[in-house]
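What you are looking at is a predicted structure, and each value in this text was computed from that prediction instead of being measured. Just so we're on the same page: letters track the sequence lines, and every chain starts at 1.
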Protein chains: 2
Amino acid sequence: MTTVAPLPLRERKKAETWGALHESAASLALDRGVDETTVEAIAASAGVSPRTFFNYFHVKEDAILGLREPVLDPAQLSRISVTADDLVGQISRLLVTVAWTAIGGTDRARRRQLIARYPNLARRHMDYMVKAERLVSQGISGLLAQDPVWAAGVEGFGPEEAARMLVMIAGVPIRFNLTSADFDPVEGISAETLGPSLTLLHDLLRKIS
Amino acid sequence: MTTVAPLPLRERKKAETWGALHESAASLALDRGVDETTVEAIAASAGVSPRTFFNYFHVKEDAILGLREPVLDPAQLSRISVTADDLVGQISRLLVTVAWTAIGGTDRARRRQLIARYPNLARRHMDYMVKAERLVSQGISGLLAQDPVWAAGVEGFGPEEAARMLVMIAGVPIRFNLTSADFDPVEGISAETLGPSLTLLHDLLRKIS
DNA sequence: TTGCGCAAATGCATACTTGCAGTGATGCAT
DNA sequence: ATGCATCACTGCAAGTATGCATTTGCGCAA
């Protein structure tokens, strides 16, 4: 049996406040509408001050969807092989993971209803993509620096810059999906939906080079 | 002799209001600082109401820098050859033009001082990049649709989607420059600074495909 | 030239967002 | 147990941003 980590009181309270704010925001938004749900109401319903709300979420929409800051799991990063041939595909998948674990946290059914009714909520995905790119860039940069082939850099650019552009390239199919008309903000991006975009990318690259 | 187009009074006044707001914003920001310059003060100095300010600029920073909405010049679009071999390079240069004419409008020396003192002002460049990409995407989409090779689409995607991804790829070297540590927000991006990034892009693409 | 339609400008109300200073509870070392 | 440092939370104030209804004055045609 694994003993549950007994969170210190402080941590626990913080998690509770976060949960209360998210719960309040989501349920208020669902039954009275997003624009009709004010930060003041959310805070009141969660039993904290409006000022505290902004200590937990940058913007109202994040509270409604329950978004957390993206985090790069070192274990997943280390699974990347910079010498394998589908490096871009690997990075794309890593990007999706980083951005989506931040996004897809909570209550699926309610998310679906909310986003269906208020598509604007999904606009925040792009922001999280940007943050994910920054994180992954740093990670990949470290990997390249350790690799004999990449460490020397490319065309006068160091491995750090190579990593930055590599991640931008890998981000293209994701941004492409994110801006597609038929993108499903609840399902997010999966291997299934990312695949065709990666293929298109590779095809275009072949066509133009 | 060409007679100067006698702008209707309405148009002229609008241009004057725009100029007054920009002038007030820039000069106030320069001598008392950006954060110390309120929209209220700008509007007062320009002789209009604070509400009117937001009819001209989305955000305070845009007024300080005098940014205009990006516009795609049809003449420049028609100069693109979708069959030439450096299509990505062509699109990149077009993107730069579209985004930069919107940005580099006014008084160079003052821009330099402002951005040197308040680097955060330059963060707005990315937003204008996004708008430029949308415009150019639509344009390129039209071109591809008329071309026999592209019109059929690629890998099950139509020409609009091919255009969208193509423009995203072409945007990579620009975003790369925009996020570089040594990027000069006043000079912007020129053939000179775009060149190396395009080379890096091509090199990476060759390496990974 | 008179009158109508329209766009710019305005006033007002409301909400979002952030910085700062202060307070109390928590966690930790003595 | 005591004292201290830290952190969550709070209240207040200022500023940014937007929607809506109303007024003002330009442009145009009868």
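Straight-line distance from the CD atom of A:Glu40 to the P atom of D:dT10: 13 Å, rounded to whole Å. The distance from atom CZ of B:Phe57 to atom P of D:dG15 is 20 Å, rounded to the nearest whole Å. For B:Leu21 and D:dT16, the CG to C1' distance is 15 Å, given to the nearest whole Å. Protein atom CG of B:Asp62 is 13 Å distant from nucleotide atom C1' of D:dA17, rounded to whole Å. One interatomic measurement links the two molecules: CD of A:Glu16 to C1' of D:dC9, which rounds to 15 Å at whole-angstrom precision. C:dT10 atom P lies 14 Å from atom NZ of B:Lys14, rounded to whole Å. As a whole-Å value, the separation of B:Phe53 CZ from D:dT16 P is 8 Å. The CG atom of A:Asp35 sits 9 Å away from the P atom of D:dG19 (whole-angstrom rounding).
When all heavy atoms of B:Ala170 and B:Ser92 are compared, the pair lying nearest together is O-OG, 2.7 Å. A:Leu201 approaches A:Pro173 most closely through the heavy-atom pair CD2-CD, 3.9 Å.
Rounding to the nearest 0.5 angstrom, the gap separating the CG atom in B:Leu205 from the NE2 atom in A:His202 is 9.5 Å.
In this structure, the nucleotide among C:dG11, D:dT16, D:dC12 sitting nearest to the side chain of B:Thr38 is D:dT16. For A:Arg10, whose side chain is taken as the heavy atoms from C-beta onward, the closest listed nucleotide among C:dT26, D:dT10, D:dT18 is C:dT26. The side chain of A:Arg51 lies closest to D:dC12, out of D:dG19, D:dA17, D:dC12. Relative to the side chain of B:Tyr56, the nucleotides C:dA9, D:dC26, C:dT18 differ in distance, and C:dA9 lies closest. Of the candidates C:dA9, C:dG19, D:dC9, C:dA9 carries the atom nearest the B:Asn55 side chain, counting heavy atoms from C-beta on.
In summary, B:Arg79 and B:Asp73 do not engage in a salt bridge, as defined by a charged side-chain N under 4.0 Å from a carboxylate O.
For the OP1/OP2 pair of C:dA15 and a distance below 4.0 Å, the side-chain nitrogens and oxygens of A:Lys60 include no atom meeting the criterion. Here A:Thr17 does not reach the OP1 or OP2 of D:dA8: none of its side-chain N or O atoms lies under 4.0 Å away. A sub-4.0 Å separation between OP1 or OP2 of C:dT10 and a side-chain N or O of B:Ser49 is present.
Between B:Phe57 and B:Trp18, the distance from one ring center to the other falls under 6.0 angstrom.
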